[in-house]
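So that the names make sense, note that chain A is the first sequence line, chain B the second, and so on, each numbered from 1.
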Amino acid sequence: MAEIQITFPDGSVRTYPSGITGMEIAKDISTSLAKKALAIKVNDEVWDLTRPIERDAKIKILTWEDPEGKMAFWHSSAHIMAEAIEYYYPDVKLAIGPPIEQGFYYDIDFGEHKFTPEDFEKIEKKFLELARSGETFVRKYIPKEEAIAFYKKRNNPYKLEILEQIPDDTVTFYYSGNFVDLCRGPHIPNSKVIKAMKILNVAGAYWRGDANNPQLTRVYAISFPSQKELKEYLHKLEEAKKRDHRKIGKQLQLFSFHEEGPGFPFWHPKGMIILNQLKTFMRKRLLQLDYEEIQTPIILSDVLWKRSGHYDNYKENMYFTSIDDRDFAIKPMNCPGSTFVYRSQQRSYQDLPLRLFEFGLVHRHEPSGALHGLFRVRAFTQDDAHIYCTPDQIEQEVIQLIHLVFDIYKIFGFEKVNVFLSTRPEKYIGDLAIWEKAENALKQALEKAEVNYTIQEGEGAFYGPKIDFVVHDSLDRAWQLGTIQLDFSMPERFDLNYIGADGQKHRPVMIHRAILGSFERFIGILIEHTAGNLPFWLAPIQVAVLPISDALIPYAEKVAQQLQKFRVIVDRSSETLNKKIRNAETQKIPYMVIVGKKEEENNQVSLRKHGKGNLGVMDITAALEVFENEFDPLK
RNA sequence: GCCGUUGUAGCUCAGGGGUAGAGCGCUUCCUUGGUAAGGAAGAGGUCGGCGGUUCAAGUCCGCCCAACGGCACCA
């Protein structure tokens, strides 16, 4: 038999007979590895451990520690779950069942039956029973004709549609237990390693993600090699739930939502402090960079929106009204308004770049099913700005912007930022030459700012290329915040111009940009990022003075007086000290200043830090100094 | 917008055809305290809205609204 050379990840090479399987190689290395092995990577392709390797290859045995190992594990779990579901509901039609980042799902047409959480338990039980029985996953090559006949007999239009799109004459099927599925694989060798599984939820999902197609039931689940890992995962889910900004917003009395205004947040006094602090902060930064602030109307004539193109492209998302028999629209974006400020006087090349920023309140008719706390609302305030410049100025402007964006994210503790450059799509407006110039300017800017970025070919807007900024929060979830979008359309539509050094009229380029995106959404992200423990400068109440008894209220007020440059409250309730501390802690107030007789006698306070505990007794001035040393970008 | 689930006191939730429940919060009283819940009493609800079935509906049925989980959407 021919021999082949197998190269391992560490670079070492071993010789094996051709046709050896991954499992045999794993066993050759060590029995413990063979036990843990789930799949094998063969020259960048993930294979079953039972599949014969016939040529020289670079391999890596995959275990639960490898993302690809997890994928195979969950993919196989999806098959077992489908088998369990078919056991109880033999008439279901399976569509697709892939692994995902956290677990797996199977899209299933349940016909008449409504699959609900009541079904979960019995499916989970059956699943574990099947997994424990030690099912093997056997890969078989089936002629496509045979596969089609198989699914025709089973009356499964979904699998037939998938088959139609496979060009090959032979397709692969996987057999495990009583289950058969058209599947590319790879799978784990034996189901015994799956020790724990939980169905997480069910949801409707369109076949092939198209809203015109029938809706299937998507069953989400996750599985693990041990019960312990499942427990930990469920615990993590709960922790994430605790950080939900909707919940914390309610607990801390920051904002609320009401039936009377779906998608329209009500900001309470404490939330307003955060909102205003953010605005003050952003305003200060922008004014330092030669931006000028403007404010444009919320309601503007529909003539304007027809001219801007929003009426044709964005009508579905706009609200309309009328005034004295004339038609108006509520602005969904600030850009058209900004152009009026630009046009209010003849601009010269010496005026450029002109940087106009607006904390613009926009309204958008989001589909009802899309609303989600502060993350997706129907009214929000963008930290918007429009920069009017010459094509030659794009690069320097974008460099400045990139630095600004990174500076600002850093202040909120967003250190990991991914940057994406989206280039010209198939449908676009404007000259090819200016597109190329603009895209090059963006690339140059990114490179000069020494930013790593990913190009998203063809993902730009029809009116210009753009750069997007995605940050990662403390739970490593990704959030798109900032965007820098070049626009060749708006200057054209509104006939914007400036007089160049040559005395002739020229067309400026418009740069739309937002850094936080929307203040409302950003606060939601910040709450989840910090679990509601906002930094000192953003905390609605910074210090709570807690008198040990009613008799100490006068001294508490005297102390509060001396701390008045901070947002300070005095707890005058006739509760025990323990209760007052508990209340301040649950309200996530950064500092507690505790005063009793002893402190009063020496003009001192006892300081306690939220989440940390007692910092000890000190002079009032020393406490003041502690607060003054807290980070404050507004100083 | 689509599919599914949910809607009971300010908040978190139990109850499930026959007089509406708990804890927290709120009010009052007692207690005056030393680093995460002191004690007692009281007030508070057209059980999301509108219709229907029934002697009787918070409970069963239909429609609507909203929230939640996904999908679709996010020029």
Asp619(A): what forms a side chain to side chain donor-acceptor pair (under 3.5 Å) with it, not counting sequence neighbours? Gln604(A)
Asp107(A) CG to C71(B) P, in whole Å, measures 10 Å
Rounded to whole angstrom, note down the C1' distance from C2(B) over to U8(B). 29 Å
Side chain to side chain donor-acceptor pair (under 3.5 Å) partners of Asp431(A), counting only residues at least two apart: none
Inter-nucleotide P distance (G45(B), G51(B)), Å rounded: 22 Å
Identified pairing partner of U46(B), criterion: Watson-Crick or G-U wobble below 3.5 Å: none
Need the pair for G16(B). Rule: Watson-Crick or G-U wobble, both distances under 3.5 Å, any strand; none if unpaired. none
Taking side-chain contact (heavy atoms from CB on, under 4.5 Å) as the definition, give me every residue that meets it alongside Thr116(A), ordered by chain and number, with sequence neighbours left out. Lys114(A), Glu118(A), Asp119(A)
Regarding G70(B), can its base be found pairing with the side chain of Tyr105(A) as donor and acceptor, where the two atoms are less than 3.5 Å apart? no
All salt bridge (charged side-chain N to carboxylate O under 4.0 Å, His left out) counterparts of Arg378(A), not counting sequence neighbours: none
With sequence neighbours excluded, residues passing ring-ring contact (aromatic ring centres under 6.0 Å, His included) with His258(A): Phe266(A)
Would a distance-only check, ignoring hydrogens and angles, find a side-chain to backbone donor-acceptor pair under 3.5 Å from Arg243(A) to Gly532(A)? no
Taking A9(B) as the reference, what is the distance to G44(B) when you measure between their P atoms (whole Å, please)? 15 Å
At a cut-off of 3.5 Å, list every protein nitrogen or oxygen paired with a nitrogen or oxygen from nucleotides 10-16 of chain B, distance to 0.1 Å.
from, atom 1, to, atom 2, distance (Å)
U12(B), OP1, Lys250(A), NZ, 3.2

Sort me out a list of protein N/O and nucleotides 65-69 of chain B N/O pairs below 3.5 Å, or just none if empty.
from, atom 1, to, atom 2, distance (Å)
C68(B), OP1, Arg246(A), NH1, 2.9
G69(B), OP1, Arg246(A), NH2, 2.8
G69(B), OP2, Arg246(A), NH1, 3.1
G69(B), OP2, His372(A), ND1, 3.4
G69(B), O2', Asn201(A), ND2, 3.0

Could you give the CE-to-P distance, from Met490(A) to A75(B), as a whole number of Å? 13 Å
Taking salt bridge (Lys or Arg N to Asp or Glu O under 4.0 Å) as the cut-off, I'd like each qualifying pair that reaches into residues 251-262 of chain A, sequence neighbours left out, listed once. none
Provide, to the nearest angstrom, the distance between the CD atom belonging to Gln382(A) and the C1' atom belonging to C74(B). 12 Å
Without decimals, in angstroms, what is the distance between Gln215(A) CD and G70(B) C1'? 9 Å
For Tyr314(A) and A75(B), give me the distance from atom OH to atom P, rounded to whole Å. 7 Å
Taking a pair to mean Watson-Crick or G-U wobble geometry with both distances below 3.5 Å, C60(B) pairs with G52(B)
Give the B/S/- string for nucleotides 22-34 of chain B, one per nucleotide from 5' to 3', where a protein heavy atom under 4.0 Å of the base yields B, of only the sugar-phosphate yields S, and otherwise -. ---S-----BBBB
If I pick the C1' atom on C3(B) and the same atom on A72(B), what distance separates them, to the nearest angstrom? 11 Å
For Glu316(A) and A72(B), what is the distance between atoms CD and C1' respectively, to the nearest whole Å? 14 Å
When the P atoms of G16(B) and G21(B) are compared, how many Å lie between them, rounded to an integer? 14 Å
Which nucleotide wins on minimum distance to the side chain of Tyr206(A), given the candidates C71(B), A36(B), A75(B)? C71(B)
Which salt bridge (Lys or Arg N to Asp or Glu O under 4.0 Å) pairs, counting each pair once, include a residue from residues 477-492 of chain A, with sequence neighbours left out? Asp473(A)-Arg477(A), Arg477(A)-Glu528(A), Glu492(A)-Arg507(A)
In whole Å, measure the gap between the C1' atoms of C61(B) and U53(B) for me. 7 Å
Quantified in whole Å, what is the C1' atom distance between nucleotide C24(B) and nucleotide A66(B)? 25 Å
Going by purine N1 to pyrimidine N3 plus the second Watson-Crick contact, or the G-U wobble pair, all under 3.5 Å, which nucleotide sits opposite G23(B)? C11(B)
Report the residues that fulfil ring-ring contact (aromatic ring centres under 6.0 Å, His included) with His79(A), sequence neighbours left out, ordered by chain and then residue number. His75(A), Phe179(A), His187(A)
Would you call Asp468(A) and Lys466(A) a salt bridge, taking side-chain N to carboxylate O under 4.0 Å as the test? yes
Between Arg513(A) and Glu358(A), is the closest basic N to carboxylate O distance under 4.0 Å? no
Kindly say whether, by distance alone, the side chain of Arg376(A) makes a donor-acceptor pair under 3.5 Å with the base of C73(B)? yes
Can you run down the salt bridge (Lys or Arg N to Asp or Glu O under 4.0 Å) pairs that involve residues 206-220 of chain A, sequence neighbours left out, and say none if there aren't any? Asp107(A)-Arg218(A), Glu161(A)-Arg208(A)
When you get a sec, tell me which of G4(B), C2(B), C73(B) is the closest nucleotide to the side chain of Pro367(A)? C73(B)
Quick one: Glu585(A) CD to A36(B) P, roughly how many Å, whole number? 8 Å
C1' gap between C29(B) and A36(B), integer Å: 26 Å
I'd like to know if Arg364(A) reaches the base of A75(B) with its side chain, counting only an N/O donor and acceptor under 3.5 Å. no
How long is the line joining CG of Asp109(A) and P of C71(B), in whole Å? 19 Å
Partner lookup for C71(B), please. Criteria are Watson-Crick or G-U wobble with both distances under 3.5 angstrom; report none if nothing qualifies. G1(B)
Given that Gly209(A) and Met333(A) both sit by RNA chain B, which one's nearest nucleotide is further toward the 5' end? Gly209(A)
Ionic contact status for Glu585(A) with Arg608(A), cut-off 4.0 Å: yes
Nearest-nucleotide comparison on RNA chain B, the residue closer to the 5′ end among Asp487(A) and Arg218(A): Arg218(A)
Now, which nucleotide makes the Watson-Crick or G-U wobble pair with U32(B), with each of the two distances under 3.5 Å? none
Quick test of your reading of the model: are Lys558(A) and Glu600(A) salt-bridged, counting only N-O distances below 4.0 Å? no
